[in-house]
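Start at 1 with the first residue, then count along the sequence.
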Amino acid sequence: MTPPTTRTWARRGHTPVIRVRGRSQRRFSIAALACYKPGERSRLIYRPKRHVDHKRGGRRSFTWTDYRDLLVAAHQQLGAPIVLVWDNLNVHKDARLRAFIDTHDWITCYFLPAYAPDLNPVEGIWSLLRRSSQANTAFTSPDHLMRALRQGLREIQYRSNLIDGCLAETGLTSTTSRQQGQ
């Protein structure tokens, strides 16, 4: 991954250059759930994964079982039913994952329209992560990158107002289907 740059400086007439060794090869994946519940603090539940066999033709992304395990962990942490709003990633539509969701009454699943990243609050999380913990950094090793990702996600996790802002940016609102007492 080429490091994003935010602000930098150089002497007048000299363009700043960041040299990065190697080619971009996908070795890490992160899955995240931005969790919203009216009247409670917003939460971020995430799982990073390092793909060790990506050069030998191994998988370079999360499998349906990884997403299943993330959903089970989220259900245990939240202690409540989950209404899942997903983009149209092919793994999200995997028949085995769909069967898992259909057999559990604590998950209700909806899909966003195709090509609508502006409606996905998690895209805002990725934007925050790139602009904070990854900006102006050339990582020295995969472990350095993983530490920075975890630290950046933890910082977002502890600031629920950032997670709320990612939902507000989509224009969507969290509502409840139960009638409120008057």
Separation between [atom1] of [X] and [atom2] of [Y], rounded to the nearest 0.5 Å:
{"X": "Ser132", "Y": "Gln151", "atom1": "OG", "atom2": "CD", "value": "9.0 Å"}
{"X": "Leu145", "Y": "Arg50", "atom1": "CG", "atom2": "CZ", "value": "9.0 Å"}
{"X": "Cys109", "Y": "Lys93", "atom1": "SG", "atom2": "NZ", "value": "9.0 Å"}
{"X": "Asp94", "Y": "Leu89", "atom1": "CG", "atom2": "CG", "value": "10.0 Å"}
{"X": "Thr63", "Y": "Arg68", "atom1": "OG1", "atom2": "CZ", "value": "8.0 Å"}

Least distance between heavy atoms, [X] atom then [Y] atom:
{"X": "Arg154", "Y": "Tyr46", "result": "CG-OH, 3.8 Å"}
{"X": "Leu70", "Y": "Ala31", "result": "CD2-CB, 3.8 Å"}
{"X": "Ile163", "Y": "Ile156", "result": "CD1-O, 3.8 Å"}
{"X": "Leu129", "Y": "Ile30", "result": "CD2-CD1, 4.4 Å"}
{"X": "Phe62", "Y": "Pro48", "result": "CZ-C, 4.4 Å"}
{"X": "Ile82", "Y": "Leu71", "result": "CD1-O, 3.9 Å"}

Inset, instruction - Please work out which of the three classes, parallel, tilted or perpendicular, describes the rings of His104 and Trp106, given edges at 30° and 60°. - result: perpendicular
Legend entry - Residue pair Tyr36, Asp164: steps toward the side-chain contact (heavy atoms from CB on, under 4.5 Å) verdict: CA-CA 8 Å; Tyr36 304 96; Asp164 291 338; 4.0 Å; yes
Do any side-chain atoms of residues 119-128 form donor-acceptor pairs under 3.5 angstrom with protein atoms, and if so which ones, sequence neighbours left out?
| from | atom 1 | to | atom 2 | distance (Å) |
| --- | --- | --- | --- | --- |
| Asn120 | OD1 | Val122 | N | 3.1 |
| Ser127 | OG | Arg131 | NE | 3.2 |
| Ser127 | OG | Arg131 | NH2 | 3.4 |

Take atom [atom1] of [X] as the centre, draw a 6.0 Å sphere, and report whether it contains more than 12 heavy atoms from other residues, nucleotides or ligands.
{"X": "Gln77", "atom1": "CD", "answer": "yes"}
{"X": "Arg159", "atom1": "CZ", "answer": "no"}
{"X": "Asp102", "atom1": "CG", "answer": "yes"}

Inset, instruction - Report yes if the side chains of Ile101 and Arg98 come closer than 4.5 Å at any heavy-atom pair, otherwise no. - result: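 Side-chain contact under 4.5 Å: yes.
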Inset, instruction - With the side chain counted from C-beta on, respond yes when Glu169 and Cys166 share a heavy-atom pair under 4.5 Å apart, and no when they do not. - result: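 SC-SC contact between Glu169 and Cys166 ruled out.
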Inset, instruction - Evaluate the side-chain contact (heavy atoms from CB on, under 4.5 Å) criterion for residues Leu84 and Tyr67: first the C-alpha distance (whole Å), next the side-chain angles of each, then the deciding distance (0.1 Å), finally the verdict. - result: CA-CA 12 Å; Leu84 191 60; Tyr67 283 107; over 6 Å; no
Inset, instruction - Take Leu162 and Leu44, measure what side-chain contact (heavy atoms from CB on, under 4.5 Å) needs, and give me the verdict at the end. - result: CA-CA 10 Å; Leu162 292 178; Leu44 178 67; over 6 Å; no
Inset, instruction - Please answer whether the main-chain N or O of Pro81 pairs with a side-chain N or O of His75 as donor and acceptor at a distance below 3.5 Å. - result: no
Legend entry - Within one Ile-Leu-Val-Met-Phe-Trp-Tyr cluster: Val83 and Leu167, side-chain cutoff 4.5 Å: no
Legend entry - Basic-acidic side-chain contact under 4.0 Å: Asp66, Arg47: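 Here Asp66 does not pair with Arg47 in a salt bridge, since their nearest N and O are not under 4.0 Å apart.
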Legend entry - Pair Phe111 + His92: ring centers closer than 6.0 Å: no
